[in-house]
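Here's the structure we're looking at; comments come further down.
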Amino acid sequence: MPRKRAKEPFTLLIIPHSQRRPISIRFPSWTLTGLLFALAITLAVVAAFAARYHTLSQQVARLQAASRTVETEQQTLHRAILSQHNAVESLEEDFDARVAAIRGDYDQLYREVGAFQSGLTAQVEAFKVELQQIQRLSQEVRDVVGLEDAELSPSEASTEQPAGGMGTGQQQTSLIHEHTPRVELAVDDALDAEKNPTVRQLQSMYDSLPAWYGEMQHLHDQVDERMSLVDPDKRTSPEEVERQLALWDAAPKGWPVGGRISSNFGYRRFRGERDFHTGIDVAVWYKTPVHATAGGTVVAAGWQSGFGWTVEIQHERGYSTVYGHLSRYLVDVGDKVKKGQTIGLSGSSGNSTGPHLHYEI
């Protein structure tokens, strides 16, 4: 086989201008290929660095432009803030001047409202005293005539005391705040029942006047009615009238049982003979509850001739009541009973012709 021909080396010949001998440098054949490869790599690296440098240069330019824009905007904003600050200072000065003027006017109004409040408080106190006098008079009349206590009470509407309102002698809240000027008190509050206890108190008493007018009219009618019960011959003096009214008031009232009156007070025919009946008979069936017609003390409870099982109760001012012909009594001697309390059950014990209750005062 023929021998493979080896690649011949390259020879670099350097010929100087002088008379010296040329210089000959011999390179292997692969040296040129390596130099070209190295040159290509170097050119590629340089191209990459150039492209990166161009990109960074553009970014730097954009950042510089943005920085200049931000700086311009900051300067504009700073000028606007300075302008607003000057405007705010001007407004504060104008506001302080206006508040000072308002404070002077409001101090005057406050003094006037305070005077009004003081006068209103005095009128309320006088009104309260008059209502309390009416209450006492009403109670005295009720005590004399013998009526139950009135449900109305003017003191309930007048005992509420003003809680730090104007004219109460307590320290008042400043109209202008120490640090931030502002009005603390509205003049309308002086007439607002929700905010002014004195006005609320006056309104409450005023609202109670129709009821008290009705109360006095009721007392007038009751006094006329009670006075008509007093014998004219016994109206010799206020003391005697009061005594007669007290006697009438202490008298037991109402019915011990509900039913028909089968025999009245006075003379009657009983078992064929003329007889004086000391009470009334109320026809009721057996074991009907019998109630006390007034409060008092049981002085008799047991069997009595003629009346059978009987209860007697002692009341005020010498009155007493008798409940006879019971089937059973439910109290004992010495017991304290109240008006309306059940003291026994009806029946037909003793001298009786049928079930009923004998009741006498």
Side-chain angles (χ1 to χ4, degrees), residues 145-147 222 224-236 239-361:
V145 176
L147 299 176
Q222 290 295 315
D224 287 345
E225 179 182 346
R226 297 297 174 87
M227 287 297 294
S228 66
L229 301 174
V230 179
D231 191 330
D233 295 337
K234 296 181 180 180
R235 302 177 188 176
T236 56
E239 292 77 10
E240 180 61 22
V241 171
E242 182 176 351
R243 193 181 74 85
Q244 293 298 324
L245 290 174
L247 283 173
W248 189 92
D249 179 57
K253 301 176 182 64
W255 293 92
V257 292
R260 175 181 59 86
I261 297 179
S262 57
S263 180
N264 288 309
F265 173 84
Y267 285 101
R268 64 177 181 173
R269 300 291 297 181
F270 181 70
R271 298 186 186 277
E273 297 181 1
R274 190 168 185 267
D275 175 63
F276 185 82
H277 193 211
T278 57
I280 60 173
D281 291 340
V282 182
V284 289
W285 197 239
Y286 285 102
K287 297 185 178 180
T288 300
V290 177
H291 306 286
T293 53
T297 303
V298 177
V299 295
W303 186 271
Q304 290 190 18
S305 177
F307 289 137
W309 298 116
T310 304
V311 172
E312 181 178 356
I313 302 175
Q314 185 72 41
H315 308 288
E316 294 180 354
R317 295 186 178 270
Y319 287 103
S320 65
T321 51
V322 177
Y323 311 81
H325 304 301
L326 302 175
S327 62
R328 180 183 179 186
Y329 59 92
L330 304 177
V331 292
D332 295 319
V333 175
D335 288 351
K336 301 292 185 181
V337 297
K338 297 180 180 179
K339 181 177 181 179
Q341 180 177 336
T342 301
I343 60 173
L345 303 177
S346 64
S348 185
S349 60
N351 191 8
S352 171
T353 60
H356 71 283
L357 172 71
H358 174 85
Y359 173 66
E360 66 178 66
I361 301 176

Any side-chain heavy atom of [X] within less than 4.5 Å of one from [Y]?
{"X": "I361", "Y": "T321", "answer": "yes"}
{"X": "H358", "Y": "Y323", "answer": "no"}
{"X": "L357", "Y": "P256", "answer": "yes"}
{"X": "V298", "Y": "Y329", "answer": "no"}

Please answer whether the main-chain N or O of [Y] pairs with a side-chain N or O of [X] as donor and acceptor at a distance below 3.5 Å.
{"X": "K287", "Y": "R328", "value": "no"}
{"X": "H356", "Y": "A283", "value": "no"}
{"X": "S327", "Y": "L345", "value": "yes"}
{"X": "T288", "Y": "W285", "value": "yes"}
{"X": "T342", "Y": "G344", "value": "no"}
{"X": "H277", "Y": "N264", "value": "yes"}
{"X": "S348", "Y": "G354", "value": "yes"}
{"X": "E312", "Y": "A301", "value": "no"}

Open item on the list: For D275, give me all partners under salt bridge (Lys or Arg N to Asp or Glu O under 4.0 Å), at least two apart in sequence or on another chain.
Closed with: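 Only R268 meet the salt bridge (Lys or Arg N to Asp or Glu O under 4.0 Å) criterion with D275.
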Please report the shortest heavy-atom distance between [X] and [Y], naming the atom on each side.
{"X": "Q314", "Y": "S320", "answer": "OE1-CB, 3.9 Å"}
{"X": "A292", "Y": "K338", "answer": "CB-O, 3.7 Å"}
{"X": "Y359", "Y": "P252", "answer": "OH-CB, 4.0 Å"}
{"X": "N351", "Y": "H325", "answer": "O-CE1, 3.4 Å"}
{"X": "V284", "Y": "G259", "answer": "CG1-CA, 4.3 Å"}

Got a second to check how far [X]'s [atom1] is from [Y]'s [atom2], nearest 0.5 Å?
{"X": "F307", "Y": "S349", "atom1": "CZ", "atom2": "OG", "answer": "11.0 Å"}
{"X": "E360", "Y": "I280", "atom1": "CD", "atom2": "CD1", "answer": "10.0 Å"}
{"X": "T297", "Y": "E316", "atom1": "OG1", "atom2": "CD", "answer": "10.0 Å"}
{"X": "I343", "Y": "D335", "atom1": "CD1", "atom2": "CG", "answer": "11.0 Å"}
{"X": "W248", "Y": "R317", "atom1": "CH2", "atom2": "CZ", "answer": "14.0 Å"}
{"X": "W255", "Y": "I261", "atom1": "CH2", "atom2": "CD1", "answer": "3.5 Å"}

TODO: Please list, chain by chain and in numerical order, all residues satisfying ring pair (Phe, Tyr, Trp, His ring centres under 6.0 Å) with W303, sequence neighbours excluded.
DONE: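 W303 satisfies ring pair (Phe, Tyr, Trp, His ring centres under 6.0 Å) with W309 once adjacent residues are dropped.
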TODO: Fit a plane to each ring of F276 and Y267, take the angle between them on a 0 to 90° scale, and name the class: parallel (under 30°), tilted (30 to 60°) or perpendicular (over 60°).
DONE: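 If you compare the ring of F276 with that of Y267, the planes turn out perpendicular.
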